[in-house]
Amino acid sequence: MTNKVRVRFAPSPTGGLHLGGVRTVLFNYLFAKKHGGDFILRIEDTDQTRFVPGAEEYIIECLKWCGLTPDEGTEAGGEYGPYRQSERKDIYRKFANQLVSEGKAYYAFDTPEELEEKRAEIPNFQYGHSFRHQLRNSLTLPKDEVQRLLDEGTPYVIRINMPSNETISFTDLIRGFVSFDTTLVDDKVLLKADGMPTYHLAVVVDDFLMKITHAFRGEEWLPSAPVHLMLWKYLGWEDAMPQWAHLPLILKPDGNGKLSKRDGARLGFPVYAMNWADPSGGEVTPGFREMGFLPEAFINLLAMLGWNDGTDQEIFSIAELVEKFSLERVNHSGAKFDFEKAKWFNAEWIKKVNAEALQEDVLTLLTANNIKVSDSTKLVKIIGLVKDRCTLLTDFILQAGYFFKGPVSYDLDAVKPKWNVQKEDFFTVFISELEQLEHFATEEIEGLFKKLVADKGLKIGDVMLPFRVMLVGGKFGPAVFDIASLVGKEETISRIQKALEAFR
RNA sequence: GGUCCAUUCGUCUAGGGGUUAGGACGCAAGAUUUUCAUUCUUGAAACAGGGGUUCGAUUCCCCUAUGGACUACCA
């Protein structure tokens, strides 16, 4: 009874990876790792009309970035392949045929147009118990007629024959006992006219063949659970059926409903894990990675959307999540996505992680913004100095950039109103004294600065802010003298000179 | 319309028959930091409504309301 835990994430390669999808992956992964099991990636590409080139690679890349690498799947391989459903076409047909021959499914010849008409004219039309006998299928047509249609190559689908007046129920790992009346469930298509299975057939067949023990998916799948349950029963695999866990949805921050990528565009935050460039239109949908999120933070915030460990702890590493995760503590209701809180998680992680760990990302960012970094030791030092004031990785461009590149503009409003010849004079003298300074370090610069302030009869506050603006361009950043020492003697002097002209 | 699921501060949530209903984000105020941020302190802010059960319900039960998901030859 102690079979190895096997879970799967089964996306369809139709575009970017939604944050809700990543959370499903995460919960799969956490559960698998917690129980020493395997995490499988299966590509559900049964809808050929929606296939998008590059989407599969993109999904794999997202999982890598998140650190949620599959143990088994299209890339990792494994003994239950192929892991792409389009390559398993024959398998599904075999089982569909088996169901037909056993009377558990049937051929249906109605065209999509005919069905659409029915739906338009009959209020609560559904292809099932109440209407299937008025339609063109192997239940209503004479046997030889069915054979003739088949022989002629008439397009058909295979539909499940749902029984009536049965109660079908199961215990969901998250929401407990759930039951349905089969009379109200329609005869879902199992095999499409193009010979591909629908999700309903494919998920059951593959979960069985791949020995999946626990099936996680979004709550939007709950209504089709009875079809899947019935299929497990019809196929005679009931004893091998995975335990179901329907995850709560991630909702729009405002208004109502499932979070969509449109909400992100409307409200100004990413919904996808990474940037997604649509291959046809070329339009790019922003992702958390490019927006400047750390994968640790992204994972952390997703985990907290629907789960908690019962304490006040909110910052968890992936290792801690694996250790503490439990399905009993997953919430039942949907959670509205809050981008402000998401940013807070990222800021916390930037503070938590050490400067070396940030080095590579920051270097890439600075370089991309035409800021040349020559000295990596210096960079690490700077990161350590400014990281507490960064919320997103992209904040490092502003917060660390001026250490390597002088300001191109100044916050003149902060300086000019109180600027005068006396202050200008102070800095002129300061420059010449700086030139004499042998040991150009924080304390020496500060000592010199303060001494000069006293000599000139000024207040330190009068020249401190101008000095900062000279070096940084604005009213931000760590201690001014630290900045000066890191920037170096020559550069400091040259920045003061430049600024002096701008301040005049 | 039908089926299913859900309901604690604005948001994410803890809690659970007797609590000053706890934390976090955000917001406000203050302290520290001769900038900004960090940090710290404080504050405003919630049990959807109605019936039961009970000595006592926010907690258990029922109903209502509200919200959501699904209702394709999409997943």
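The chains referred to below are lettered A, B, ... by the order of the sequence lines, with proteins before strands, and numbering in each begins at 1. Every heavy atom of this structure was used, including side-chain atoms; hydrogens, water molecules and symmetry mates were not.
- Spacing between atom CG of A:Asp388 and atom P of B:C40 amounts to 12 Å, rounded to whole angstrom units.
- A:Arg23 forms a cation-pi arrangement with A:Phe27, by the criterion of a distance under 6.0 Å to the ring centre and an angle within 45° of the ring axis.
- The nucleotide B:A46 finds no pairing partner, because no Watson-Crick or G-U wobble arrangement with both distances shorter than 3.5 Å includes it.
- The gap from the C1' atom of B:A46 to that of B:U38 amounts to 30 Å, rounded to the nearest Å.
- Remark: the separation of the P atoms in B:U11 and B:U33 is 38 Å, to the nearest Å.
- Between A:Phe39 and A:Phe9, the ring center distance fails the sub-6.0 Å criterion.
- Remark: C1' of B:G26 and CD of A:Glu340 are 7 Å apart, rounded to the nearest angstrom.
- With B:C4, B:C25, B:U3 as the choices, the nucleotide that has an atom nearest any side-chain atom of A:Val178 turns out to be B:C4.
- With C1' as the reference atom, B:U32 and B:U19 are 35 Å apart, rounded to whole Å.
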Evaluate side-chain hydrogen bond (donor to acceptor under 3.5 Å, both in side chains) for A:Asn137 paired with A:Tyr156, printing each intermediate quantity in order. CA-CA 9 Å; A:Asn137 52 53; A:Tyr156 67 91; over 6 Å; no
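- Nearest to the side-chain atoms of A:Arg175 among the listed nucleotides B:U35, B:A6, B:C12 stands B:A6.
- Across all strands shown, A:Gly218 has no heavy atoms under 4.0 Å from either base or sugar-phosphate atoms.
- A centroid separation of 6.0 Å or more is found between the aromatic rings of A:Phe316 and A:Phe345.
- For B:G26 and B:U66, the C1' atoms lie 25 Å apart once the distance is rounded to whole Å.
- Comparing B:U71 with B:U53, their C1' atoms are spaced 38 Å from each other, to the whole Å.
- In this structure, A:Pro248 reaches neither bases nor backbone, as no heavy-atom distance under 4.0 Å exists between it and the strands shown.
- A:Met464 comes within 4.0 angstrom of a base, heavy atoms only.
- Remark: P of B:C27 and NZ of A:Lys341 are 13 Å apart, rounded to the nearest angstrom.
- The interatomic distance linking A:Phe177 (CZ) with B:C5 (C1') rounds to 14 Å, in whole Å.
- Residue A:Asn308 has no polar side-chain atom (N or O) positioned under 4.0 Å from OP1 or OP2 of B:U13.
- The interatomic distance linking A:Glu348 (CD) with B:G23 (P) rounds to 17 Å, in whole Å.
- At a threshold of 4.0 Å, the pair A:Arg495-A:Glu491 counts as salt-bridged, since one of the basic side-chain nitrogens sits closer than that to a carboxylate oxygen.
- Residue A:Lys351 places at least one side-chain N or O closer than 4.0 Å to OP1 or OP2 of B:U39.
- For the pair A:Lys341 and A:Trp344, the cation-pi test (distance below 6.0 Å, angle within 45°) is passed.
- You'll find the ring centres of A:Tyr402 and A:Phe476 inside the 6.0 Å limit.
- Taking atom NE2 of residue A:His246 and atom P of nucleotide B:C5, one finds them 12 Å apart after rounding to whole Å.
- Nearest-nucleotide positions on RNA chain B place A:Arg329 closer to the 5' end than the other of A:Ala479 and A:Arg329.
- Distance A:Asp482 CG to B:A37 C1': 15 Å, rounded to the nearest Å.
- Within the shown strands, B:A31 is the pairing partner of B:U39 under the Watson-Crick or G-U definition, both distances less than 3.5 Å.
- For the P atom pair drawn from B:C9 and B:A21, the interatomic distance equals 15 Å after rounding to whole Å.
- In this structure, A:Phe316 places its CZ atom 13 Å from C1' of B:C12, rounding to the nearest Å.
- For B:G49 and B:U8, the P atoms lie 11 Å apart once the distance is rounded to whole Å.
- Nucleotides B:A6 and B:C61 have their P atoms positioned 12 Å apart, rounded to a whole Å.
- A 3.5 Å limit on both hydrogen-bonding distances identifies B:A6 as the Watson-Crick or G-U partner of B:U66.
- In this structure, the side chains of A:Leu259 and A:Pro253 come closer than 4.5 Å at one or more pairs of heavy atoms.
- A:Asn124 contributes a side-chain N or O that forms a donor-acceptor pair with the base of B:G1 under 3.5 Å.
- Listed pair A:Asn331 / B:C12 fails the phosphate criterion, with no side-chain N or O lying under 4.0 Å from OP1 or OP2.
- Residues A:Cys390 and A:Lys450 each lie close to RNA chain B; by heavy-atom proximity, the contact nearer the 5' end of the strand is made by A:Lys450.
- Remark: A:Glu446 engages A:Lys450 in a side-chain hydrogen bond (donor to acceptor under 3.5 Å, both in side chains) (not counting sequence neighbours).
- Taking the ring axis of A:Trp419 as reference, the NZ or CZ atom of A:Lys416 does not stay both within 45° of it and closer than 6.0 Å to the ring centre.
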Heavy-atom contacts, protein to nucleotides 66-75 of chain B, under 4.0 Å, summarised as B (base), S (sugar-phosphate only) or - (none) per nt, yield -SSSS-SBBB
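- The side chain of A:Phe180 approaches B:C4 more closely than any other nucleotide in the set B:U39, B:A6, B:C4.
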